[in-house]
Amino acid sequence: MRKRSAYMSLSAALAVAGALIIPTQAEAAPNPAAGPIAQTVQTPLERQVLGENNGWASEGTGTTGGSAATDAHVYDVHSKAEMLAAFADAGTQPKIVRVYGTIIANTAPDETPLTCADYAAGTGYSLEQYLQDFDPATYGRSQEPAGPQEDARRLAAAKQAKTIRWDIPSNTTIVGATPDSSITGAAMRINGATNVIVRNLTLQDSADCFPAWDPTDGAEGNWNSEYDLLQVINKATHVWIDHAAFTDAPNLDSSQPLYFNRPYQVHDGAVDVTNGSDLVTMSYNRFSDHDKLLLIGSTDSATRGDPGKLRVTIHHNVFENVGQRAPRVRFGQVDVYNNHYKVAADSPIPYEYSLGAGFSSHLYAEANAFTLPDGITAADIIGRYKGTQITTVGNAVNGKITDIRAEYNAAAAPADQLAEDTSWTPAFRTQVHPAQAVPALLKDSTGPIFTAGGNS
């Protein structure tokens, strides 16, 4: 791990800025990342802060991450050990962590790779025995697993969690030093922390070695995995997630076997915002090949501190071959605008819905573009999960402006109708582009595209 201070080259910054100036059908649009790019020319990527009015995370004191870090608290990291050492060294003081190459989470302290078998060693867990003990044909479906194999599974799972679950401290900017920087297999958390920026990184494949079987989950039971690629949890606040990529590839759930005739799902969420967390902006990210994507809200119960919190802005992101929860909302005021939802005819992830109206949710979806194949209609875009209202304005489906709430209601049963939510109007917005311009606008401007300073 090296502590250095360096700068993004002016030529690289100008090249990125030029690539992001894309004319739209309506007008020649300004740079869609005007704040960050304008800063890039003058300010290194890692020292940039969230611009004014850029989503809920800009409210109040805004989000500055580790921009004020001293040179002693700028870290170039190439491994899990170096990253965790950087977090520990700086604590909650402002810090910048620049990631080089690929950091692998499932490794021992000496960087030796760890497998699921390594985590299971010494616990007594055996998937074969687990399947035999809890086969619904003999165990039944009325109670959750209990007994030696479930105890062993929990022990093995705890070993993996200790290895791959990392908490990002307050006042941190973590940034990919190049567009190829990535973290694989980690379950990262912003856990009760405040003022955190995550940018220019690929986060992928936080696979759970030990999914839990729950025969009481739904009519047929389900396998439930534990880890999200990034959790914003336990009253975390002021978080900016920008120009990152989130994916399960190459280890897709569709490639997993069926056990008890149910998918053995090894991934949970991509980014979840729960347990009273607040003031989050997600911008210019690329989400791909993932099922349960963005869960905002812990449960239907108010006991987790969610009412009045969970204020999240999701703008100018691309969602490609995502199954559901983009996002699914409970309680929070969630502003979703200028995103592009793309579903391929041969998507490896079965499509269920994009916008989930959950219990007491306030979701405002404006000027998003949906590119859908035959067999998926505008009525399928919304899913109702005890919600009663949603606002949809100026969205486009396959290039045509469509009232997606009206399309949903026309196909839904009387008990599942959704009213327009008139309780709030989003603030803290950058320019809202016409929905029909969004696909071209975002074609080459999402995900990791920057280069930071430092040394490889």
- Item | For R405, salt bridge (charged side-chain N to carboxylate O under 4.0 Å, His left out) partners two or more places apart | none

- Name all residues meeting the side chain to side chain contact (heavy atoms under 4.5 Å, CB included) criterion together with D214; count only those two or more places apart in sequence or in a different chain, and write none if there are none. E144, T216, D217, N224

- Message: Is the distance from the ring center of F246 to that of H290 below 6.0 Å?
- Response: no

- For E226, all residues meeting salt bridge (charged side-chain N to carboxylate O under 4.0 Å, His left out), sequence neighbours excluded: R165

- Using side chain to side chain contact (heavy atoms under 4.5 Å, CB included) as the criterion, list what pairs up with A207, not counting sequence neighbours. D205, N251, V266, H267

- Salt bridge or not for R328 and E352, using N-O below 4.0 Å? no

- Message: Per the disulfide bond (SG atoms under 2.5 Å apart) rule, what does the pair list look like for residues 258-347, sequence neighbours excluded?
- Response: none

- Item | Any donor-acceptor N/O pair, H362 side chain to Q389 backbone, under 3.5 Å | no

- Item | Counterpart residues, salt bridge (charged side-chain N to carboxylate O under 4.0 Å, His left out), relative to K292 (two or more places apart) | none

For residues 370-378, please give each side-chain donor-acceptor pair under 3.5 Å, one per line with the distance, not counting sequence neighbours.
residue, atom, partner, partner atom, Å
T371, OG1, H340, NE2, 2.7
T377, OG1, A379, N, 3.3
T377, OG1, D380, OD2, 3.3

- Is there a donor in the side chain of D180 and an acceptor in the side chain of T178, or the other way round, less than 3.5 Å apart? no

- Hits for salt bridge (charged side-chain N to carboxylate O under 4.0 Å, His left out) against D300, two or more places apart or cross-chain, chain-then-number order -> R330, K386

- Item | ring-ring contact (aromatic ring centres under 6.0 Å, His included) contacts in which one or both residues fall within residues 389-415, not counting sequence neighbours | none

- Message: Tell me which pairs pass disulfide bond (SG atoms under 2.5 Å apart) where either residue lies in residues 179-250, with sequence neighbours left out.
- Response: C116-C209

- Message: R154: which residues meet the side chain to side chain contact (heavy atoms under 4.5 Å, CB included) condition with it, sequence neighbours left out?
- Response: E150

- If you look only at pairs with a residue in residues 306-359, which of them pass as a disulfide bond (SG atoms under 2.5 Å apart), with sequence neighbours excluded? none

- Message: Testing the 3.5 Å rule here: is there a donor-acceptor pair between the side chains of Y364 and S423?
- Response: no

